[in-house]
2 protein chains.
Amino acid sequence: MGQLSRVRFSAHQLRAFLHLAEFRSFTRAAAASHLSQPAFSALIRTLETEVGVRLFDRSTRHVDLTVEGREFHGGAQRVIAEMEATLANVRQRVDLKRGRVAVALLPSLAAGWLPDVLAAFHTEFPDIELAVYDVLSENCIDHVRSGRADIAIAATRVDTPELRADPFQTDDFFLVARRGHPLLDRPNPKPRDLLPFDFIHLSRNSSVRQYLDAATLPLQMRTVMEVDQLATVMGMVKAGLGISVVPALTLFHFQHPDIETRPLRWPGLRRSIFLIRRRDKGLSVAAQALYLRLVAGRQPEVGAPPSATPGKRKH
Amino acid sequence: MGQLSRVRFSAHQLRAFLHLAEFRSFTRAAAASHLSQPAFSALIRTLETEVGVRLFDRSTRHVDLTVEGREFHGGAQRVIAEMEATLANVRQRVDLKRGRVAVALLPSLAAGWLPDVLAAFHTEFPDIELAVYDVLSENCIDHVRSGRADIAIAATRVDTPELRADPFQTDDFFLVARRGHPLLDRPNPKPRDLLPFDFIHLSRNSSVRQYLDAATLPLQMRTVMEVDQLATVMGMVKAGLGISVVPALTLFHFQHPDIETRPLRWPGLRRSIFLIRRRDKGLSVAAQALYLRLVAGRQPEVGAPPSATPGKRKH
DNA sequence: CGATCTTACGGGATTCGTAAACATA
DNA sequence: TATGTTTACGAATCCCGTAAGATCG
């Protein structure tokens, strides 16, 4: 236990020792160790010198453990076994047979394409434990900062000494309205075109709302309601309570026969999504694997929801 | 467990790893490992290559374990601890803080000076377990042959491929008789001088009896009784039931005011005592220590019992 | 720019293999 | 005498330390 005293064993020596204890023959044990017999002999001699006692009784006809050698034998077995188990455990992580990845991301992203990526990831690596924190942008970043999450996908560009944000994709905004709404006929509606109509807002601390407010300043939409969940927005729009403006990545919420969408090309109204991770520590093998699949799995054509309304944008 | 796969860790590497994990600084960990910093760096790099994954996240300002490194850390600690425990266990045996010695010897020797030697040995090395088999000569040898005993002290010269007998000491025989017995006045009594008197014999399978029979052939003593234990012989002699002839090393049994002893100088009547051990395996550290003390502790003047009757012989 | 890790490279110790000597049954 | 271990010695390898280079805060 002390302070790491000077033991100088190597796996080499210990395996040689175990081989000799097993075969009771320098010649055969040397072969098993892939060594010439004299080299093997020297190895054992060195080990005995280090331990300070003869571990084998030997003559040209007979090799066997001494009492002290038997004492050593059990320990050597345990050391080698522990080494192998240790290596195996790490290798399991390298081979993605074990591990854990935690992702923090915006609720507006968590229900869209992410489940597909995670499902594929889980099918490919069923032994990797997955955690998803679907929280608002600020919390996302906090999760990464504190280490609870390996990666965050959020709309905030953070560029601090500890955190690093890589552009992940851009997200254009769409008008959503109940079928038949007059705005749907207007080509390229501008912010002021929306002012006459009741508007369903997301709460002020959502990144969607913040982008929207910034793009419409100094205009104020005619807020009829403020809700927390996009699914709720959809319900309201479908019921004809009002219109709304949401990012392309959330359009899957609005797949409904009674709802139509239109791309908006307003200056500044483009949400940037970032992949955020800690600057000081690399990703674990498992996190790296998920990271790659997240990048590979992102929608190449933002603004083109799976099977729906017209309008397409590139980032 | 597999068949001892190719793990190539050394205590060196693992201790370096643990130092780095502890100090989180290459410079300080290198110092703790008594290595130059670049050499230390290379050591870690080699280890990471062997394991197949980066174990530390590092920048010039920050060093910390990766997820995989933490997995490795526990194992490395256990390996080093096991190594140290193993070495410590063997060292305990070398330092005679642990171990076991088994001696087999003739009953005629087991109660004499041996207890003193064992007592001194036990005082000096209280952690060494001692075993004594006080059995007849043939059994003594068998105990050594089978490995139950490390050493035997017996009267049989064995010179087989497996066993080796070193002369230990010689043991001259003494007449023992009750005070006032007529034989005591006769100088240098011969075998035939004993014929008129009742004789207390030991049983025929004792080495004492065999020596005696050989030396008196073809004469036959006038056997009044045959007993197994020397203590019994003593009792009989003290009671005046008869005389007997016993080796010097057993004379301590006959320390009694009513008994007197006389050396006998008959040709061939000298018992040789041998130290017997296996030829193929050396003595354990503990056995070797006892061996040396047995040799050192033997009576230099055989035939001169501690504080008694006259007569002295050298071997 | 200062502290710290990495790369480059030459020297030295360790370890290996071949060949010969040695020991034991 | 035959099998198997130890010794001798030259060669390849590995490991270390110094010095220069790169990087992060």
K.L.:
May I ask you to decide if the ring planes of B/Phe26 and B/Phe56 are parallel, tilted or perpendicular, using 30° and 60° as cut-offs?
P.N.:
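Rings of B/Phe26 and B/Phe56: perpendicular, over 60°.
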K.L.:
Report, one line per pair, each donor and acceptor closer than 3.5 Å where one atom sits in a side chain of residues 65-74 of chain A; sequence neighbours left out.
P.N.:
from: A/Thr66; atom 1: OG1; to: A/Arg54; atom 2: O; distance (Å): 2.9
from: A/Thr66; atom 1: OG1; to: A/Leu55; atom 2: O; distance (Å): 3.2
from: A/Thr66; atom 1: OG1; to: A/Glu68; atom 2: N; distance (Å): 3.4
from: A/Thr66; atom 1: OG1; to: A/Gly69; atom 2: N; distance (Å): 2.9
from: A/Glu68; atom 1: OE2; to: B/Val285; atom 2: N; distance (Å): 2.9
from: A/Glu71; atom 1: OE1; to: B/Arg93; atom 2: NE; distance (Å): 2.5
from: A/Glu71; atom 1: OE1; to: B/Arg93; atom 2: NH2; distance (Å): 3.0
from: A/Glu71; atom 1: OE2; to: B/Arg98; atom 2: NH2; distance (Å): 3.0

K.L.:
With the side chain counted from C-beta on, respond yes when A/Ile151 and A/Leu294 share a heavy-atom pair under 4.5 Å apart, and no when they do not.
P.N.:
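They are in side-chain contact.
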K.L.:
Could you list all the salt bridge (charged side-chain N to carboxylate O under 4.0 Å, His left out) pairs where at least one residue sits in residues 155-168 of chain A, not counting sequence neighbours?
P.N.:
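For residues 155-168 of chain A: A/Arg145-A/Glu162, A/Asp159-A/Arg279, A/Arg164-A/Asp166, A/Asp166-A/Arg277.
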K.L.:
Does the side chain of B/Thr156 come under 3.5 Å of the side chain of B/Ser137 through a donor N or O and an acceptor N or O?
P.N.:
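Judged by distance alone, the side chains do pair up.
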K.L.:
Going 5' to 3' along DNA chain C, which are the first and last nucleotides with any atom under 4.0 Å from a heavy atom of chain B?
P.N.:
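Span of nucleotides near chain B: C/dG2 to C/dT7.
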K.L.:
For A/Glu84, is there an ion pair with B/Arg78 - N to carboxylate O distance below 4.0 angstrom?
P.N.:
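Not counted as a salt bridge, because no side-chain N and carboxylate O are separated by less than 4.0 Å.
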K.L.:
So do the side chains of B/Leu283 and B/Leu290 get within less than 4.5 Å of each other, counting heavy atoms only?
P.N.:
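The answer is no; the side chains never approach within 4.5 Å.
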K.L.:
Does anything in residues 23-33 of chain B pair up under side-chain hydrogen bond (donor to acceptor under 3.5 Å, both in side chains), and if so which pairs, sequence neighbours excluded?
P.N.:
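For residues 23-33 of chain B: B/His19-B/Ser33, B/Arg24-B/Asp64.
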K.L.:
Could you state the atom-to-atom distance from CG of B/Leu47 to C1' of D/dC15 in whole Å?
P.N.:
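Distance, rounded to whole Å: 15 Å.
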K.L.:
B/Leu47 versus B/Val51: any side-chain heavy-atom pair under 4.5 Å?
P.N.:
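A side-chain contact under 4.5 Å exists here.
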K.L.:
Using only side-chain N and O atoms of A/Ser41, determine if any of them is under 4.0 Å from OP1 or OP2 of D/dT7.
P.N.:
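So the side chain of A/Ser41 is outside the cut-off, no N or O lying under 4.0 Å from OP1 or OP2 of D/dT7.
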K.L.:
Given axes from five pairs at either end, by how many degrees does the helix from C/dC1-D/dG25 to C/dA25-D/dT1 bend, rounded to 10°?
P.N.:
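End axes: 40° apart.
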K.L.:
Which parts of nucleotides 17-25 of chain D does protein reach within less than 4.0 Å, heavy atoms only, written one letter per nucleotide 5' to 3' as B for base, S for sugar-phosphate only and - for none?
P.N.:
BBB---BBS
K.L.:
Do we see a donor-acceptor contact under 3.5 Å between the side chains of B/Ser59 and B/Arg61?
P.N.:
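No, no side-chain donor-acceptor pair sits under 3.5 Å.
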K.L.:
What's B/Ser25 touching, base or sugar-phosphate or nothing? Going by heavy atoms closer than 4.0 Å.
P.N.:
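It contacts sugar-phosphate atoms only.
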